[in-house]
Amino acid sequence: MTFAELLEQVGSMGRFQIIHVTLLVLPILLIASHNILQNFTAATPEHHCHIAIVANYTCDDNFTDVLYCQELLRISIPVDGNQQPEKCLRFISAQWQLLDPNATTTNGTEMDTEPCMDGWIYDKSVFTSTIITEWDLVCGSRTLKQMAQSIYMAGVLVGAIVFGSLSDKFGRKSLLISSCLQMAITGSCAAFSSNFTMYCIFRFLTGMALSGINLNSVEWTPTKLRAAVGMVTGYSYSIGQFILAGLAYVIPDWRWLQLAVSVPYFIFFFYEIWSDLPKVTWGICGRAGKRTQVSQASVLLTRPLLLW
């Protein structure tokens, strides 16, 4: 007898299953946040080379002499084909002749230029800090941004393989609890990463935990309603994307945003421990290797729980 058949015998979809699915939907809301989190934490703002002509370059968002800044930028940074400052090049020496309004405009790329030797200046009008501005993942290092997301998705893949087999052996509840705890710890640790390598390691572990949470959404629902439950979790994922957009709007710093979508998993961890959800453990028996639920008897004894 399969577990789905047991659910049909004891009453199919009851109050317990509704509460169970509702509590599982809450972590899924923030799963979407972690999947597309780097759209905001790894946003690449407008940037240009640090100007080395002056000792104390102070043209930031709070500087009021806009004309002075524009003049410095004009004599220090070449322009591209769209007449915008180059992101990865600067003039070796100041091109003072460019300040003359009657001078013939010269293509900046034909002048002597060099790569950004002293770092970059970033536009902080939208995001005050991202991993791009934190570790200068621009120009020659811009591919590291995509690599960080690829490492995260590799963690999702590894987690699906590892937690998929472990959940059959130890039960869905144990894996759900451990996945929420892992998500909370590794996600929070990523916010305190001191270098890019540490950040990628924690993001990989976070991706693994995400798979462990995804595996536990329809276990206790009858087969005929699992499509509807899947639709609910799918909509929850979409709503989570809107939630992330709102959080990113009010939290422009990537470390605080990382914490905002990770710390709630500590709450999910504690209420999963508190919830009285029996484990469903699979065992292998018989020469033919047919699977049977070792918890069949306990499920039948918990009929009042299933019919809440």
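In this chain, numbering begins with 1 at the start of the sequence shown.
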Grouping I, L, V, M, F, W and Y whenever their side-chain heavy atoms are under 4.5 Å apart, do [X] and [Y] come out in a common cluster?
X      : Y      : answer
Met117 : Leu89  : no
Ile161 : Val156 : no
Met153 : Leu157 : no
Val126 : Leu247 : yes
Tyr249 : Ile36  : yes

Is there a side-chain contact between [X] and [Y] (heavy atoms, below 4.5 Å)?
X      : Y      : result
Trp120 : Cys139 : yes
Tyr122 : Asp136 : yes
Leu175 : Ser178 : yes
Tyr235 : Val25  : no
Leu259 : Arg255 : no
Val138 : Cys88  : no
Arg203 : Leu37  : yes
Glu46  : Lys87  : yes

Using the benzene-type ring in the case of Trp, are the ring centres of Phe266 and Phe269 under 6.0 Å apart?
no
Of all heavy-atom pairs between [X] and [Y], which one has the smallest distance, and what is that distance?
X      : Y      : value
Ile132 : Thr44  : CG1-OG1, 3.8 Å
Ser262 : Ser188 : CB-N, 3.7 Å
Gly159 : Ser211 : C-CB, 3.5 Å
Leu244 : Ser33  : CD2-O, 3.5 Å
Thr130 : Pro45  : OG1-CD, 4.4 Å
Gln38  : Ala148 : OE1-CB, 3.4 Å

To the nearest 0.5 Å, what is the distance between [atom1] on [X] and [atom2] on [Y]?
X      : Y      : atom1 : atom2 : answer
Leu210 : Leu205 : CG    : CG    : 12.5 Å
Asn35  : Gln241 : CG    : CD    : 8.5 Å
Cys189 : Ile201 : SG    : CD1   : 11.5 Å
Cys200 : Ile151 : SG    : CD1   : 4.0 Å
Ile131 : Phe196 : CD1   : CZ    : 6.0 Å
His48  : Ile121 : NE2   : CD1   : 6.0 Å

For residues 232-247, the salt bridge (Lys or Arg N to Asp or Glu O under 4.0 Å) pairs (sequence neighbours left out) are none
What do the steps show when you test Ser129 against Glu134 for side-chain contact (heavy atoms from CB on, under 4.5 Å), and what is the final call?
CA-CA 7 Å; Ser129 176; Glu134 184 86 12; 3.6 Å; yes
For a side-chain contact (heavy atoms from CB on, under 4.5 Å) check, start with the C-alpha distance between Phe268 and Leu30, then their side-chain angles and the critical distance, and finish with the verdict.
CA-CA 11 Å; Phe268 303 149; Leu30 293 183; 4.2 Å; yes
For the pair Thr41 and Phe127, evaluate side-chain contact (heavy atoms from CB on, under 4.5 Å) and give the outcome as yes or no after the intermediate values.
CA-CA 9 Å; Thr41 60; Phe127 295 101; over 6 Å; no
Any side-chain to backbone donor/acceptor pair from [X] onto [Y]? Under 3.5 Å, distance only.
X      : Y      : answer
His34  : Val261 : yes
Gln258 : Gly187 : yes
Tyr152 : Thr206 : no

Before giving the answer on side-chain contact (heavy atoms from CB on, under 4.5 Å), spell out for Trp135 and Leu144 the whole-Å C-alpha distance, their side-chain angles and the decisive distance to 0.1 Å.
CA-CA 10 Å; Trp135 298 304; Leu144 295 179; over 6 Å; no
Could you tell me how the ring of Trp254 sits relative to the ring of Tyr199: parallel (under 30°), tilted (30 to 60°) or perpendicular (over 60°)?
perpendicular
